[in-house]
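Data block below; observations after.
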2 protein chains.
Amino acid sequence: MPERIFGHIPGFPVGSWFESGAELAAAGLHRPLVAGISGTEADEADSIVLSGGYEDDQDLGDEILYTGQGGRDQNTGKQVAHQKLNRGNLALAKSKLKGLPVRVICGSAHKSNNSPSTGYRYDGLYRVEDFWQEKGRAGYYVWRYRLVKFFENEIFTSSKVTDDLASYSISYRQETNILRIVRDTNQARRIKELYDYCCQVCSTRFEGAVGPYAEAAHIRPLGIPHNGCDSVDNLLCLCPNHHVLFDYGAFSVADNLSLIGIEGVLTVIAEHKIHPDNLRYHREHYYLKQGEL
Amino acid sequence: MPERIFGHIPGFPVGSWFESGAELAAAGLHRPLVAGISGTEADEADSIVLSGGYEDDQDLGDEILYTGQGGRDQNTGKQVAHQKLNRGNLALAKSKLKGLPVRVICGSAHKSNNSPSTGYRYDGLYRVEDFWQEKGRAGYYVWRYRLVKFFENEIFTSSKVTDDLASYSISYRQETNILRIVRDTNQARRIKELYDYCCQVCSTRFEGAVGPYAEAAHIRPLGIPHNGCDSVDNLLCLCPNHHVLFDYGAFSVADNLSLIGIEGVLTVIAEHKIHPDNLRYHREHYYLKQGEL
């Protein structure tokens with residue numbers, strides 16, 4: 001089996017059109033003939049196809065909301081079982097951890113003004129910024145992913161000046177990709193002030209020579225489709241480690257503020273009222289319990 | 001003293017021109033009449049002016065390299081003392097920790113093809129991505145900053161559908177800003193594999209349901225003016241907490257691999273040869289020893 005390629009496939013720039021899935025596979029753009037996600041449990045995903053399979057798939061330009069595979073009735077197309085976080089679904093989830101680019105191919109069956117009228121079009125590289133589970137209309141859980149345009153090939157220009165008479169510069173392309181973006185908002189800054197930059201899980205406080213550092217996590221994320229609010233009742237002040245663990249569903253918080261998945265209880269000061277709906281949202285959509293995926 | 005404003009000043013869009021420093025101050029764009037940085041030890045910096053003061057200041061479009069203030073002879077303009085990390089210099093350093101936008105004003109004296117021929121021009125918002133200390137030509141230390149274009153006002157569209165007959169959507173602007181970007185490279189991925197995602201400082205290993213997570217730090221950063229290489233002899237595998245602490249100069253590593261600023265010794269496997277020049281670069285440019293700033 002030839003090694004999988006992450007990133008663009010030489011010879012097929014963004015916008016390339018393909019008549020069929022077989023052509024896509026032959027070109028190396030998307031190797032599975034049926035599955036929407038290319039990837040196994042051992043690896044990250046190298047490509048996905050938007051092909052109208054799930055009505056909740058959304059194309060927002062630089063952002064895509066995508067649904068995992070599995071659990072559908074072959075004939076009716078209806079969801080008849082929970083999707084598992086295995087195979088391609090797990091591969092696409094691993095992509096969030098690894099930050100490697102995913103080739104996105106848009107098929108004509110994808111319900112969007114942007115879709116090609118026939119065949120498939122290569123739309124470029126995206127990165128998996130987030131994933132979570134959601135209960136679909138039929139009451140079964142599906143896996144959902146947010147992909148954002150991939151920032152690639154940041155050019156770093158290097159200048160070398162030698163001591164001899166001829167000084168020279170070298171420009172070279174250093175490929176970097178974004179693994180993770182930590183964001184802030186007005187209320188995020190407020191929660192950090194409230195807790196004086198102490199982590200609500202482990203009480204760690206980073207005080208450098210320049211000042212303190214902490215991160216803030218929106219319990220129910222902002223934006224479509226989560227629609228969380230930027231307010232302190234939806235925020236936690238965390239150290240970078242616990243921020244990562246929270247975002248990746250390694251632990252969650254019960255209504256009584258005990259921690260789920262790790263030992264301990266959340267430190268919460270009197271003025272900080274966390275809305276239980278937000279905690280529940282995180283438990284239901286993000287908490288990844290081993291063995292129950 | 002009126003409260004300082006971070007971000008754009010209403011009424012003065014990007015490109016606004018001002019005849020003098022007094023006009024800048026009156027408009028609220030940059031309040032100090034002499035100092036290049038607006039900010040004190042208690043706050044982050046809200047604005048800076050590029051005015052040709054330091055020959056190392058560079059305007060790379062979306063990136064700016066800027067030099068701190070202080071230690072210069074009034075008459076000759078030469079550096080005659082070390083710059084301290086206090087006052088405006090400290091304010092601009094705090095901006096890295098807080099992620100708040102800095103207004104950048106370009107003056108005619110700034111040596112760049114991009115400068116206005118006279119007066120001052122407001123060039124928009126930037127964020128302080130990094131700062132370090134550097135020995136200038138005269139042998140004195142100056143503080144240096146890398147500012148990058150500020151990504152602001154990410155629009156989050158929220159959809160709310162009510163149960164009554166008239167369903168409706170709400171779009172609102174949710175202001176977020178980037179606090180920190182964690183990047184990866186080919187070799188960064190390699191160092192993580194080498195250490196099986198274990199932090200070289202504290203041995204923490206995050207293993208989630210989906211897979212392991214760790215971050216990699218280039219000891220001598222990539223890009224101008226550091227010119228570090230993307231190679232394992234210039235990389236450390238770290239947990240998010242120690243990655244932040246390393247980037248913010250809270251600790252460094254001695255040639256014998258003992259840790260400076262925190263307890264312990266770096267875990268290094270036999271195959272991983274770290275180049276001592278890179279360690280020295282970090283110590284000399286990034287390590288922030290309390291009381292010696």
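In the text below, chain A, chain B and the rest are named by the order of the sequence lines, each starting its count at 1.
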(message) Rounded at 0.5 Å granularity, tell me how far NZ in B/Lys192 sits from CG in A/Leu97.
(response) 8.5 Å
(message) Between A/Arg189 and B/Leu100, is the side-chain contact (heavy atoms from CB on, under 4.5 Å) condition met? List the steps.
(response) CA-CA 10 Å; A/Arg189 282 184 277 278; B/Leu100 286 173; 3.4 Å; yes
(request) Run the numbers on A/Val210 and B/Tyr248 for side-chain contact (heavy atoms from CB on, under 4.5 Å), then give the verdict. (result) CA-CA 9 Å; A/Val210 170; B/Tyr248 288 69; over 6 Å; no
(request) First locate atom SG of A/Cys202, then atom CG of B/Asn241, and finally report the distance between them rounded to the nearest 0.5 Å. (result) 7.0 Å
(request) Against chain B, label A/Ala188 side chain, backbone, both or neither, depending on which of its atoms sit under 4.5 Å from a heavy atom there. (result) neither
(message) Quick check: closest heavy atoms across A/Ala209 and B/Leu288, and the distance to 0.1 Å?
(response) CB-CB, 3.8 Å
(message) Nearest 0.5 angstrom please: A/Asp184 CG to B/Asn177 CG, how far?
(response) 5.5 Å
(request) Look up atom CG in A/Asn186 and atom CZ in B/Phe6, then write down how far apart they are to the nearest 0.5 Å. (result) 11.5 Å
(message) Tell me whether B/Arg87 at atom CZ has more than 12 heavy atoms from other residues, nucleotides or ligands lying less than 6.0 Å away.
(response) no
(message) Quick check against the 3.5 Å criterion: does A/Lys94 have a side-chain atom that pairs as donor or acceptor with the backbone of B/Gly211?
(response) no
(request) Please round to the nearest 0.5 Å and tell me the distance separating atom OH of A/Tyr213 and atom NZ of B/Lys98. (result) 12.0 Å
(message) For A/His243, give me all partners under ring-ring contact (aromatic ring centres under 6.0 Å, His included), at least two apart in sequence or on another chain.
(response) none
(request) With a 4.5 angstrom heavy-atom cut-off, could you sort out which part of A/Ala250 is near chain B: side chain, backbone, both or neither? (result) neither
(message) For a 4.5 angstrom cut-off between non-hydrogen side-chain atoms, does A/Ile178 reach B/Val182?
(response) no
(request) Measure the spacing between CZ of A/Arg183 and CZ of B/Arg180 and express it to the nearest 0.5 Å. (result) 14.5 Å
(message) Can you tell me if A/Arg190 has over 12 outside heavy atoms packed within less than 6.0 Å of its CZ?
(response) no
(message) So which atom in B/Val244 and which in A/Pro240 form the shortest heavy-atom distance, rounded to 0.1 Å?
(response) CG2-CG, 3.8 Å
